[in-house]
Amino acid sequence: MTDAPRRTVYLDHGASSWPKPPGVVEAVASAIAEYGANPGRGAYAMGLAASRLIFEARRDAAMLLGVRDSADLAFLSGCTEGCNLMLKGVLRPGDRVVVSSVEHNAITRPLHVLEQRGVRVDVVEADERGVVDAGRMEEAVDAAPTRAVVCQHASNVTGAIQPVADLADIAHSAGALMLVDGAQAAGHLPVDLGSLGADAWSASGHKGLLGPQGVGLLYLRPGLDVEELSQGGTGGSNSEEPGQPTARPERYEAGTPNTPGIAGLGAAVRYVSSHADELRSEERRLARRLHEGLLAIDGVRVLGPEPGEPRVPIVSAVTLGVAPDRVAFELDRRYGVAVRAGLHCSPATHRTLGTLETGALRFGVGFGDTDADIDLVLGALAEILA
Ligand code: PLP
């Protein structure tokens, strides 16, 4: 007799949400089974159906994110590609950029390349909770001519929500652009890109938006001229022209799009749009239950904002005396709990928090998690650390 498969208690939503809400898997499958033609090329029924599906996904994502003209949203492979595009598409040698000290490497690595090409990168330290201080940012921006301010919307390590609208005001008062990594905000927070002040805002489809992996969104504010990363592969419009189309979103969507991924994202976005309040209040409640439970365990220090302060549903902890990767291993092996240990692609954040040596244990709460899951994890942790 074989053992019944053990249910995974999935607390790694900060990396990728799982499982997906109703309709997402079906939308991916039907895009492959029924619409498997290239959108925007063939004028036959299957190609037109694929184009329509992409049009509807873009329209519905624009609605959720407060984007008036859906052409200002490009479908890319994920947030990382969007971050590369918004940074490399505007920053030139001699430009200065001011960036927070708590960025993901989707920001720090492209900036590292740009620095080697002659862009000056100045870093503003976040506080001990990982929150960026608008006053410090203003001082740094005003210290020298600045082309762009770059900041995450929310942290994938501490869950801290950054004052993006204030930072955008500071950037714009200095004639700079505001470029935002929205990976951890999308889906989890109400986002109105029409009023936020971000000139560019990049997000993953597979985290809080509850879509499949391999698709993301980049918003570019109307009129902002950003150079594209790739050219070609798209023959649908202006085929006779030697250069990349300049119209949006075609300019930024070279090659055959990820139609199944976009179909899944469309279904996911519609689900998030119609359940936003309940999804957000439930994940906030569970994250707080986890946070307070962690604080009650001896030998656990929680990073980031205090319980009750604004955060997205990510809670990271340092476990004194036992390395986080050991704890994550035991949680998986003995209890079937999936969490992430280490630096979470953001050594910059851990340097800021003083946890670069140890890393941390990260719990990302999300769709499908329950009170029983949180209690199981807390009990398991107490046992492992006892
Ligand atoms: N930025 C942040 C803050 C993230 O947490 C992540 C993913 O972990 C990324 C960027 C990269 O996103 P993607 O996997 O969609 O490229």
Side-chain angles (χ1 to χ4, degrees), residues 10-18 20 61 65 73-88 99-113 126 130-132 150-162 164 167 179-189 191 198 200-219 229-230 252 257-258 261-262 264-265 268-269 283 287 303-304 311-316 338-353 359-366:
Y10 187 76
L11 289 171
D12 198 16
H13 290 265
S16 273
S17 57
W18 182 89
K20 303 302 174 185
L65 297 169
L73 274 184
F75 287 121
L76 304 177
S77 66
C79 181
T80 302
E81 189 182 6
C83 290
N84 272 269
L85 202 160
M86 69 186 183
L87 295 169
K88 293 174 181 163
V99 59
S100 92
S101 70
V102 285
E103 298 303 318
H104 189 275
N105 68 18
I107 293 290
T108 58
R109 286 187 173 163
L111 281 182
H112 179 69
V113 169
V131 179
V132 177
V150 180
C151 190
Q152 59 185 209
H153 200 146
S155 168
N156 68 311
V157 178
T158 62
I161 299 168
Q162 309 299 356
V164 175
L167 301 181
L179 310 180
V180 181
D181 171 355
Q184 295 295 342
H188 295 299
L189 297 177
V191 173
W201 186 91
S202 177
S204 316
H206 61 105
K207 299 181 193 283
L209 290 178
L210 306 182
Q213 295 176 343
V215 60
L217 287 162
L218 177 66
Y219 164 75
L229 278 182
S230 309
Y252 301 108
N258 175 0
I262 295 170
L265 180 56
V269 155
E283 66 194 17
L303 307 175
R311 73 189 308 142
V312 293
I314 283 180
V315 185
S316 291
V339 297
R340 274 278 291 283
L343 299 178
H344 316 101
C345 308
S346 189
T349 306
H350 285 284
R351 201 172 294 116
T352 300
L353 301 175
L361 200 57
R362 183 182 76 180
F363 303 90
V365 177

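No experiment lies behind these values; they were computed from the predicted model shown. In what follows, every heavy atom counts, from backbone to side chain, and hydrogens, waters and symmetry copies are set aside. Each ligand, and each atom within it, is numbered from 1 in the order the structure gives.
Under a 4.0 Å heavy-atom criterion, His206 is in contact with ligand 1. Put simply, no part of Gln152 is less than 4.0 Å from ligand 1, judged by heavy atoms.
Looking at residues two or more places apart in sequence or on another chain, you find a side-chain contact (heavy atoms from CB on, under 4.5 Å) between Asn105 and Thr108, Arg109, Cys345. With sequence neighbours excluded, the residues that form a side-chain contact (heavy atoms from CB on, under 4.5 Å) with Thr80 are Asn84, Ala106.
Two residues are said to be in side-chain contact when any heavy atoms from C-beta on lie closer than 4.5 Å; Ile314 and Phe363 fail this criterion.
For atom 4 (C) of ligand 1, the nearest non-hydrogen atom of the protein is His104 CD2, 3.2 Å. Among all non-hydrogen protein atoms, the one lying nearest atom 11 (C) of ligand 1 is Thr80 OG1, 3.3 Å. Closest to atom 5 (O) of ligand 1, if we only count protein heavy atoms, is Gln184 NE2, 2.7 Å.
Every atom of ligand 1 with a heavy atom of Ser204 under 4.0 Å away is listed here by number and element: 12 (O), 13 (P), 15 (O).
The backbone N or O of Leu218 sits nowhere less than 3.5 Å from a side-chain atom of Ser202 that would complete a donor-acceptor pair. Judged purely by atom type and a 3.5 angstrom limit, Gln184 has no side-chain atom pairing as donor or acceptor with the backbone of Gly159.
Only the side chain of Asp181 comes within contact range of ligand 1, with a heavy atom under 4.0 Å; no backbone atom does. Contacts with ligand 1 closer than 4.0 Å are made by side-chain heavy atoms of Ala106 only, the backbone lying farther away.
Among the atoms of Ala154, none of the N or O lies under 3.5 angstrom from an N or O of ligand 1.
Considering only non-hydrogen atoms, atom 8 (O) of ligand 1 lies nearest to Lys207 out of Lys207, Glu103, Arg340.
Across all non-hydrogen atoms, the minimal contact from Val180 to Met86 is O-CE, 3.4 Å.
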(message) Between His104 and Gln152, does the side-chain hydrogen bond (donor to acceptor under 3.5 Å, both in side chains) criterion hold? Intermediate values first, please.
(response) CA-CA 8 Å; His104 189 275; Gln152 59 185 209; over 6 Å; no
